[in-house]
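To start, the structure itself, in structure tokens.
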Protein chains: 2
Amino acid sequence: MISGISLKELAAELNLAPSTVSRALNDSYEISEATKKKVISMAEKLNYHANPFARSLRENKSKTIAVIIPERINSFFAQVMDGIEEIAQEHGYHLLVYNTHEDTERERKIVNLLLNGRADAIVMSVTSQTSDISHLRKLHDRGLPIIFFDRIRAEIPTTKFITNDYESAYEGTKHLIKQGCKRIALFTLCKDLSISQERQRGYNDAIKSEGWELDPGLTLYCSHNEEINVKLIEEFLQSPDRPDGILSSVEKLAFATYHAVKRTKLRIPSDLKLISFSNSSIAGLLNPSLSTITQPALSIGNECAELLIKKLTKPLHYDLIDQVVTIPSKITIRESTLGE
Amino acid sequence: MISGISLKELAAELNLAPSTVSRALNDSYEISEATKKKVISMAEKLNYHANPFARSLRENKSKTIAVIIPERINSFFAQVMDGIEEIAQEHGYHLLVYNTHEDTERERKIVNLLLNGRADAIVMSVTSQTSDISHLRKLHDRGLPIIFFDRIRAEIPTTKFITNDYESAYEGTKHLIKQGCKRIALFTLCKDLSISQERQRGYNDAIKSEGWELDPGLTLYCSHNEEINVKLIEEFLQSPDRPDGILSSVEKLAFATYHAVKRTKLRIPSDLKLISFSNSSIAGLLNPSLSTITQPALSIGNECAELLIKKLTKPLHYDLIDQVVTIPSKITIRESTLGE
DNA sequence: ATAAAATGCGGAAACGATTTCGAAATTATG
DNA sequence: CATAATTTCGAAATCGTTTCCGCATTTTAT
């Protein structure tokens, strides 16, 4: 990389002091309009670009936000990313992106990497297996602004953005009941995750609201391995006390269910109704089309970034207070939960 | 952010010179094992983290690679990103990610932003509408290592990674013919894109290889707007000289076709066979399941990153020579192209 | 007319690391 | 034992900005 011209060289070319040029380019009130114009046009002409590292070093900020997600091939996280980037670009912020692949150890390493100040702040969704949060605590203790979304950790006192997991799961379950389901299963990933727990609560309360008894056997804990999940679900569906309705807490488990169903004699929605949390645009293309609970991914991304940037640019006026902000999901009924 | 301890302070704590401490931490041969140990343990104890900007400023490199993609909610690009990140993480590189949203103006802005050296190199896939490439040329002329993948620009003399677009399109078309199709259409996005042209060539040659005449009316140029595409495709399918086979150059046009078909009396594959370039894992879930040409996304990402990092770490031994590296796609036949 | 304030700019320090050059201290060599 | 060679470390320059302080000169206030 042929490094461009420096501020000092630009100043020399103009017969001005570097300090003056710097101030002119930063539109300081101390500099006359005449010199400002001269400086700016010469900077244009010589193709001057301020060195971001010199500036970061001096100002102790990087104009960079780190985003940590558990997986990339997931329409929800991709949409959140788009939402974050939209706001970040507006304010001249850059995005460092890290994918943990649902691996806690990887998450720990990445977080530790960010301890050196490479990013001004962090937006993250934790790994589903994260139990030890000392690495997150260390970040927060160091004063690095951090915001969680979706997969949050309540123990870290900061602002978190989620959707109305409880209500959505409750509504989804209620919908299945209304469509005639008697034995409703919940497919989920991990019992430790806050959102999983909330969705489970919503599911539980919906079941109990009917005066039915909760059957722990109807909650299926799946893995991150597609193959294994399909097999697991297939076995579940072949068992004598198979469910006749499923609330899937995660998009990919709904897909796995479609795969599993193909291997059985069961048909959706006649034998089995299915509704799932999902942000995939192709839900309507599946056969039958999939009823979904769609999370407000773009809004979540936008709000995360907006709050963070406010905090970064006006630290005295904004704070990442310890609260959970909820943005509601939208339920879309399609064929997969059609009643008789 | 409570800024951590600096090298100088660490040195003071150890009663050593900053230079010594720096060398010790960088495992220089000039420092005795004894002092190295002392320094390292004290660094651990005081939680020392080198300031990346000071280092970048001094060394004139950022350990950062910028990745520019036209869209994020796309399994192909997401997989490539994963492939790049995998290698980058191995070598301690960070990823700045930018989404152009298929907007040339946005691409231009982002590229110009990178002119200041924030990233050591760039991996990118251009916007489908990019015609003026002066911004890309400027990057390259400045000596910033840049690699293209998939959506490449031949005019910039550097290494590019693509799949065997011509052969895949040829094979895909041939497959449709073998399954009995007589009027085969090509759905594509943009005639300016190199990959579109290659795929068109493959399609053309396959048609001609049968001794058939090319019908320009059978190539459908679509937009980036889902709604419009569905309408366009629907009209096409309702027209008297509708096709009985479709080679879709882009995943989302295949999905749009499914949507459009739903609005007609046509059925896949009896009335209409469909095969598409796609990296989506749910191709097998569609009804009927979609025959696909799957690009080696992960490999492409891996190879981009590997070559780039070699070039960055050993600039004298590696060069981004002007060549196009081809990694073959894999065709998977499913129900959507089933013969009678 | 003189003091006070405002304007416009330059000099130099500072941010936190790496590295060149050189100087001690230690060990080896004749 | 004297000298050379090696090992181990320190002082200071450097990367490219921003900003604190200072100093003229001009404008405004008294």
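Worth saying up front: this structure is predicted, and the values here are computed from it rather than measured. Chain naming here is simple, since letters A, B, ... match the order of the sequence lines and numbering starts at 1 in each. Just so you know, these numbers use all the heavy atoms, side chains as well, and skip hydrogens, waters and symmetry mates.
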Q) What pairs meet the side-chain hydrogen bond (donor to acceptor under 3.5 Å, both in side chains) rule with one or both residues in residues 144-154 of chain B, with sequence neighbours excluded? A) Glu102(B)-Arg151(B), Asp150(B)-Gln295(B), Arg153(B)-Glu155(B)
In whole angstrom, give the distance that lies between atom [atom1] of [X] and atom [atom2] of [N].
X: Ile31(B); N: dT26(C); atom1: CD1; atom2: P; answer: 16 Å
X: Asn15(A); N: dG10(C); atom1: CG; atom2: P; answer: 9 Å
X: Arg118(B); N: dT17(D); atom1: CZ; atom2: C1'; answer: 14 Å
X: Leu10(B); N: dC15(C); atom1: CG; atom2: P; answer: 16 Å
X: Asp27(A); N: dG8(C); atom1: CG; atom2: P; answer: 13 Å
X: Lys61(B); N: dG16(D); atom1: NZ; atom2: P; answer: 15 Å
X: Tyr29(A); N: dT19(D); atom1: OH; atom2: C1'; answer: 11 Å
X: Asn51(B); N: dG16(D); atom1: CG; atom2: P; answer: 16 Å

Q: Answer yes or no: does a side-chain N or O of Ser56(A) lie under 4.0 Å from OP1 or OP2 of dC15(C)?
A: no
Q) OP1 or OP2 of dC9(C) less than 4.0 angstrom from a side-chain nitrogen or oxygen of Ser32(A), does that happen here? A) yes
Q.
Among residues at least two apart in sequence or on other chains, which ones pass salt bridge (Lys or Arg N to Asp or Glu O under 4.0 Å) with Asp103(A)?
A. none
Q.
Output one letter per nucleotide in nucleotides 18-25 of chain C: B when a protein non-hydrogen atom lies under 4.0 Å from the base, S when only the sugar-phosphate is that close, - when neither is.
A. BBBB----
Q | Pairs meeting criterion ring pair (Phe, Tyr, Trp, His ring centres under 6.0 Å) with involvement of residues 23-67 of chain B, two or more places apart | A | none
Q. When you measure from the side chain of Ser62(B) to the backbone N and O of Ser56(B), does any donor-acceptor pair fall under 3.5 Å?
A. no
**Q.** Partners passing ring-ring contact (aromatic ring centres under 6.0 Å, His included) against Phe161(A) (at least two apart in sequence or in another chain)
**A.** none
Q.
Salt bridge check, Asp132(A) against Arg108(A): does any charged N sit closer than 4.0 Å to a carboxylate O?
A. no
Q.
Check this for me: does any side-chain nitrogen of one of Arg72(A) and Asp82(B) sit under 4.0 Å from a carboxylate oxygen of the other?
A. yes
Q: State, to the nearest 10°, the angle formed by the axis through the first five base pairs of the helix from dA1(C)-dT30(D) to dG30(C)-dC1(D) and the axis through its last five.
A: 40°
Q | Most 5' of His49(A) and Lys36(B) on DNA chain D, judged by nearest nucleotide | A | Lys36(B)
Q. Closer to the 5' end of DNA chain D via nearest nucleotide, is it Ser6(A) or Glu33(B)?
A. Glu33(B)
(Q) Apply side-chain hydrogen bond (donor to acceptor under 3.5 Å, both in side chains) to residues Thr104(A) and Thr127(A) and explain how you reach the verdict. (A) CA-CA 6 Å; Thr104(A) 306; Thr127(A) 290; 4.9 Å; no
Q) How long is the span from the CD1 atom in Ile327(B) to the CD1 atom in Ile300(B), to the nearest 0.5 Å? A) 5.0 Å
